[in-house]
Amino acid sequence: MTRILITSALPYINGVKHLGTLAGSMLPADVFGRFKRAQGFETLLLCATDEHGSPTELAALDAGQDVRTFCDEQFAIQKKASDGFNLSWDHFGRSSSAQNREMTQHFARVLWKNGHLDVRTTKQVYSNADKRFLPDRYVIGTCPHCGYDRARGDQCENCTRVLDPIDLISPRSAVSNSPDIEIRDSTHLFLKQSNFVPQLREWIDAHRAEWPPLVYSIANKWLEEGLQDRGITRDYDWGVPVPDDIADGQLKGKVFYVWFDAPIEYIGVTKEWAEANGKGNSWRDWWEGSAAKDVRYFEFMGKDNVPFHTVGFPVTIMGARPQEEWKLVDRLKGFNWLNYDGGKFSTSQKRGVFMDTALELLPADYWRYYLMANSPENSDSNFTFDHFAAVVNKDLADVLGNFVNRVTKFCVSRFDGKVPGEGCYGEDEAALCAELDARVKAYTDFLEALEFRKAMGELRAIWVAGNEYLTRAAPWTHFKTDREKAAVGVRMGLNLVHVFGHLAWPVIPTAARAIHEAIQPAPAIIPWPDRPMAEELDELEHGLVIKAPDVLFAKITDEQVAAWKERFGGAP
RNA sequence: GGCAGCGUAGCUCAGUGGUAGAGCAGGGGAAUCAUAAUCCCUUGGUCGGGGGUUCAAAUCCCUCCGCUGCUACCA
């Protein structure tokens with residue numbers, strides 16, 4: 001049977017992630033992973049923090065901590081937020097792990113041996129005051145084009161022109177503001193991406209049908225514009241050290257570029273998972289050689305990550321051939337941005353909602369459903385508290401929550417809290433089953449196609465069908481004159497509740513469990529309903545004792561919305 | 001500047017050559033099991049502007065306007 005390997009783009013270690021990061025990679029990866037587990041597939045769902053790179057070093061400096069301590073703290077914070085959202089990773093690792101260091105160095109050695117790495121001398125900006133090399137964007141000065149006095153060395157934010165640090169007038173370090181900077185020669189390793197254009201072209205074109213247009217067009221653009229070789233080392237301290245046996249030690253003291261080691265962490269974290277769970281060398285069967293032939297690999301990411309996953313990482317993988325045949329991604333799902341109230345989420349301006357504070361406001365399921373139903377799949381989408389409250393109140397509280405509530409309470413008050421066994425299903429029930437057969441298939445197909453917005457629309461339509469049925473069956477009316485007829489409606493209602501618990505589990509796991517447990521105890525993985533609805537909806541044993549759960553989704557009040565808008569920033 | 005995407009009902013969005021759609025919001029009605037929750041009916045759009053191709057254009061082509069993103073050393 002096919003095994004399913006799923007990775008989410010790695011959240012950068014530098015601070016708690018906002019809802020956009022959640023919506024654009026981690027959450028859809030989790031929903032899809034749960035869906036596949038529910039279907040009974042052997043599934044490995046992985047994520048990790050991306051810890052290297054100069055922003056981490058500088059943030060640690062800013063916080064007055066050494067980098068390792070800073071990362072340890074930030075990792076704990078991110079892990080807690082991830083757990084809070086019920087992201088069910090088989091392992092949530094760290095790119096600074098020993099496993100990733102080993103894998104990164106391994107790939108570099110193979111690439112070197114295969115002649116895919118060049119040693120080149122480049123000009124880098126060095127700050128004497130900070131005693132370190134600076135990335136282009138950490139050099140600031142006056143833009144030679146528009147005169148903006150805080151232009152960055154990579155691009156002027158004012159006139160949007162692309163710059164080189166040496167173009168800047170009166171350049172200075174963004175770290176210390178010191179003008180005492182100079183240009184120094186520095187030796188670096190370059191990955192000869194240009195050698196791989198034909199292979200990449202063939203591979204990308206072969207996947208056109210199963211990648212979103214967004215992903216294909218980004219990948220295609222990079223190839224069209226002419227792929228340049230990319231420097232994969234940096235003059236920093238924090239990162240995977242370049243081993244001395246590459247290029248006769250010319251790179252001594254340097255580290256790999258974060259975008260070289262971060263994707264390799266997908267493999268590194270698999271090893272972390274195996275070691276943490278006593279799985280020995282089985283990690284390799286998910287990735288390499290003929291043992292991994294039955295693995296189907298899914299990646300989830302925001303659009304900013306797409307070039308590195310369609311070009312950079314694939315070149316690393318292709319460059320290790322023919323000695324080693326590592327897996328390339330099969331399905332790559334890219335997302336647009338989630339904006340906040342018409343503008344960007346901003347950490348520095350405290351604008352928007354972040355994962356930790358979101359959970360202070362409401363349980364994870366509210367966010368999970370909303371973010372999936374409004375997934376930024378085809379264009380950027382916009383989060384507002386007004387829309388959020390309207391969707392959550394209508395879909396979760398009124399359509400789903402109230403349905404569960406009305407059926408179970410009626411059963412408790414009129415049928416002694418037991419699944420009534422009287423009467424037989426008739427035409428109304430057959431029509432409902434026919435509709436749900438079609439809708440459940442559509443829902444399943446949309447999830448399979450990674451079309452989350454449409455999947456949520458179908459899930460909601462399934463809940464609506466339950467309400468429509470109940471209105472037609474009207475057991476509260478028949479109860480007075482025809483108890484048997486009322487019993488049929490209640491029995492079907494309870495079976496609907498049960499099936500809803502199964503169908504909703506990948507999206508809203510906590511509420512789905514509560515729904516399931518109103519009827520009977522739930523297994524750790526709530527399985528996907530794959531039989532005809534006529535069977536699924538006649539499943540519950542007659543006489544089974546059920547209970548009415550507490551209110552599943554409390555409504556969000558106007559006062560709460562007003563307070564949150566105030567707290568999290570209004571118009572941009 | 002270059003490249004890409006987007007622009008459809010008050011709002012969020014489907015729809016890629018064949019009579020303009022869904023959900024929400026708004027209006028009317030039914031029901032009273034339920035978190036005043038549900039169900040039925042319904043108002044509402046010269047599909048950003050202009051031009052072209054076609055028997056037929058939201059859909060294809062040209063052009064203009066507006067918004068957004070990317071542009072390789074932030075990730």
Side-chain angles (χ1 to χ4, degrees), chain A residues 9-14 21 50 52-56 58 122 124-125 133-139 145 152-155 159-162 164-165 188 193 213-214 217-218 220-222 224-231 234-236 257-259 262 302-308 311-312 336-337 339 342 344 373-374 377-382 384 386-387 390-391 393-414 451 453-454 456-457 460-461 464 466-477 479 486 489-490 493 548 550-555:
Chain A
L10 308 185
Y12 199 61
I13 189 71
N14 194 358
T21 311
D50 175 15
H52 295 137
S54 50
T56 307
L58 295 168
T122 62
Q124 302 294 327
V125 177
F133 284 95
L134 296 173
D136 288 358
R137 69 155 25 202
Y138 284 97
V139 183
H145 304 288
R152 297 191 320 227
D154 56 344
Q155 183 172 24
C159 68
T160 75
R161 269 187 240 240
V162 178
D164 201 275
H188 285 291
Q193 297 192 132
L214 172 75
S217 73
I218 291 172
N220 187 51
K221 192 199 108 190
W222 277 59
E224 286 290 311
E225 292 187 356
L227 204 54
Q228 295 171 25
D229 298 339
R230 181 185 277 275
R234 292 291 184 274
D235 291 293
Y236 310 142
Y257 176 38
V258 61
W259 265 116
K303 60 186 172 184
D304 56 327
N305 272 249
V306 169
F308 303 99
V311 175
N336 289 281
W337 303 127
N339 289 320
K344 286 186 178 182
N374 296 283
E377 287 175 310
N378 295 327
S379 59
D380 294 351
S381 71
N382 192 35
T384 64
D386 288 320
H387 192 234
V391 168
N393 286 349
K394 186 70 185 173
D395 294 2
L396 293 182
D398 296 347
V399 177
L400 173 62
N402 183 57
F403 178 81
V404 173
N405 201 20
R406 64 198 294 216
V407 169
T408 52
K409 279 198 171 162
F410 190 76
C411 176
V412 167
S413 66
R414 307 295 154 83
E451 299 239 27
R453 229 182 224 271
K454 290 178 179 173
M456 293 307 106
R460 181 188 190 284
V464 168
N467 280 303
E468 289 171 3
Y469 167 80
L470 204 62
T471 297
R472 282 196 305 274
W476 48 87
T477 303
F479 186 79
V490 171
D550 293 335
V551 167
L552 288 164
F553 298 98
K555 292 224 205 185

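Within every chain, numbering begins at 1; the chains are lettered A, B, ... in the order of the sequence lines, protein sequences first and strands thereafter.
- With a 4.5 Å cut-off on side-chain heavy atoms, A:Lys303 and A:Asp380 count as touching.
- For the C1' atoms, the distance from B:G49 to B:G66 is 11 Å, rounded to whole Å.
- Closest-nucleotide positions on RNA chain B for A:Tyr257 and A:Gln228 were compared, and the one nearer the 5' end corresponds to A:Gln228.
- For RNA chain B, runs of at least 3 consecutive pairs of the Watson-Crick or G-U wobble type, with both hydrogen-bonding distances under 3.5 angstrom, map to B:1-7 with B:65-71, B:10-13 with B:21-24, B:26-30 with B:38-42, B:48-52 with B:60-64.
- For B:A58 and B:G52, the P atoms lie 15 Å apart once the distance is rounded to whole Å.
- Using a 4.0 Å heavy-atom criterion, one finds that A:Trp337 contacts the sugar-phosphate atoms exclusively.
- Rounded to whole angstrom, the span from the CG atom of A:Asp136 across to the P atom of B:C73 amounts to 8 Å.
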Report, one line per pair, each donor and acceptor closer than 3.5 Å where one atom sits in a side chain of residues 403-411 of chain A; sequence neighbours left out.
| unit_1 | atom_1 | unit_2 | atom_2 | d |
| --- | --- | --- | --- | --- |
| A:Arg406 | NH1 | A:Asn467 | OD1 | 2.9 |
| A:Thr408 | OG1 | A:Val404 | O | 2.7 |
| A:Thr408 | OG1 | A:Asn405 | O | 3.3 |

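- Side-chain N or O atoms of A:Tyr12 include one that pairs as donor or acceptor with a backbone N or O of A:His52 at under 3.5 Å.
- Comparing the C1' positions of B:U59 and B:A72 gives an interatomic distance of 35 Å, to the nearest angstrom.
- Comparing the same atom, P, in B:C62 and in B:A22 gives a spacing of 33 Å after rounding to whole Å.
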Verdict with reasoning, A:Asn374 to A:His387, per side-chain contact (heavy atoms from CB on, under 4.5 Å): CA-CA 10 Å; A:Asn374 296 283; A:His387 192 234; 3.3 Å; yes
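- Here the side chains of A:Ser381 and A:Asn336 are not in contact, with every heavy-atom distance at 4.5 Å or above.
- To the nearest angstrom, C1' of B:A4 lies 14 Å from CH2 of A:Trp222.
- Taking atom C1' on both nucleotides, B:C6 is separated from B:G48 by 11 Å, rounded to a whole Å.
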Under 3.5 Å between N/O atoms: give me all the protein pairs with nucleotides 33-43 of chain B, atom names plus distance.
| unit_1 | atom_1 | unit_2 | atom_2 | d |
| --- | --- | --- | --- | --- |
| B:C33 | O2' | A:Arg406 | O | 3.3 |
| B:C33 | O2 | A:Arg406 | NE | 3.0 |
| B:C33 | N3 | A:Arg406 | NE | 3.4 |
| B:C33 | N3 | A:Arg406 | NH2 | 2.6 |
| B:C33 | N4 | A:Arg406 | NH2 | 3.3 |
| B:A34 | O3' | A:Asn405 | ND2 | 3.3 |
| B:A34 | O2' | A:Asn402 | OD1 | 2.5 |
| B:A34 | O2' | A:Asn405 | ND2 | 3.2 |
| B:A34 | N3 | A:Asn402 | ND2 | 3.1 |
| B:A34 | N3 | A:Arg406 | NE | 3.2 |
| B:U35 | OP1 | A:Lys409 | NZ | 2.3 |
| B:U35 | N3 | A:Phe553 | O | 2.7 |
| B:U35 | O4 | A:Phe553 | N | 3.2 |
| B:U35 | O4 | A:Phe553 | O | 3.3 |
| B:A37 | OP1 | A:Lys555 | NZ | 3.1 |
| B:A37 | O5' | A:Lys555 | NZ | 2.9 |
| B:A37 | O2' | A:Asp398 | O | 3.2 |
| B:A37 | O2' | A:Asn402 | ND2 | 2.3 |
| B:U38 | OP1 | A:Lys394 | NZ | 2.7 |
| B:U38 | O2' | A:Arg406 | NH1 | 3.2 |
| B:U38 | O2' | A:Thr471 | OG1 | 3.4 |
| B:C39 | O4' | A:Thr471 | OG1 | 3.2 |
| B:C40 | OP1 | A:Glu468 | OE2 | 3.4 |

What's touching nucleotides 6-16 of chain B from the protein side, N or O pairs under 3.5 Å?
| unit_1 | atom_1 | unit_2 | atom_2 | d |
| --- | --- | --- | --- | --- |
| B:A14 | OP1 | A:Asn378 | ND2 | 2.8 |
| B:G15 | OP1 | A:Lys454 | NZ | 3.4 |

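- Scored by the ring pair (Phe, Tyr, Trp, His ring centres under 6.0 Å) test, A:Tyr138 finds no partners at all (sequence neighbours excluded).
- Taking A:Lys555 as the reference, A:Asp398 meet the side-chain hydrogen bond (donor to acceptor under 3.5 Å, both in side chains) condition, with sequence neighbours excluded.
- A:Gln124 is listed as a side-chain neighbour of A:His188, based on a closest heavy-atom distance under 4.5 Å.
- Among the heavy atoms of the strands, none lies under 4.0 Å from A:Pro475.
- At the phosphate of B:C24, OP1 or OP2 sits under 4.0 Å from a side-chain N or O atom of A:Arg460.
- Contacts of A:Asp386 with the nucleic acid, taken as non-hydrogen atoms under 4.0 Å apart, are absent.
- Minimum interatomic distance between A:Gly231 and A:Tyr257 (heavy atoms only, all atoms of both residues): O-CD2, 3.7 Å.
- Side chains of A:Phe133 and A:Ser54 form no contact here, defined as non-hydrogen atoms less than 4.5 Å apart.
- Taking atom CZ of residue A:Phe308 and atom P of nucleotide B:C73, one finds them 7 Å apart after rounding to whole Å.
- If you take CG of A:Leu227 and C1' of B:U71, they are 14 Å apart, rounded to a whole angstrom.
- As a whole-Å value, the separation of A:Glu377 CD from B:G5 P is 18 Å.
- When the C1' atom is used for both B:A57 and B:C47, the distance is 11 Å, rounded to whole Å.
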Check step by step if side-chain contact (heavy atoms from CB on, under 4.5 Å) holds for A:Val139 and A:Arg152. CA-CA 6 Å; A:Val139 183; A:Arg152 297 191 320 227; over 6 Å; no
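- B:U71 atom P lies 11 Å from atom NZ of A:Lys303, rounded to whole Å.
- For B:G7 and B:U16, the P atoms lie 12 Å apart once the distance is rounded to whole Å.
- Looking at heavy atoms from C-beta onward, A:Leu470 lies in side-chain contact with A:Trp476 at the 4.5 angstrom threshold.
- Residues A:Arg414 and A:Val490 fail the side-chain proximity criterion, which asks for heavy atoms closer than 4.5 Å.
- Between the CG atom of A:Leu134 and the C1' atom of B:C74 there is a distance of 13 Å, rounded to whole Å.
- Taking atom P on both nucleotides, B:U43 is separated from B:C24 by 16 Å, rounded to a whole Å.
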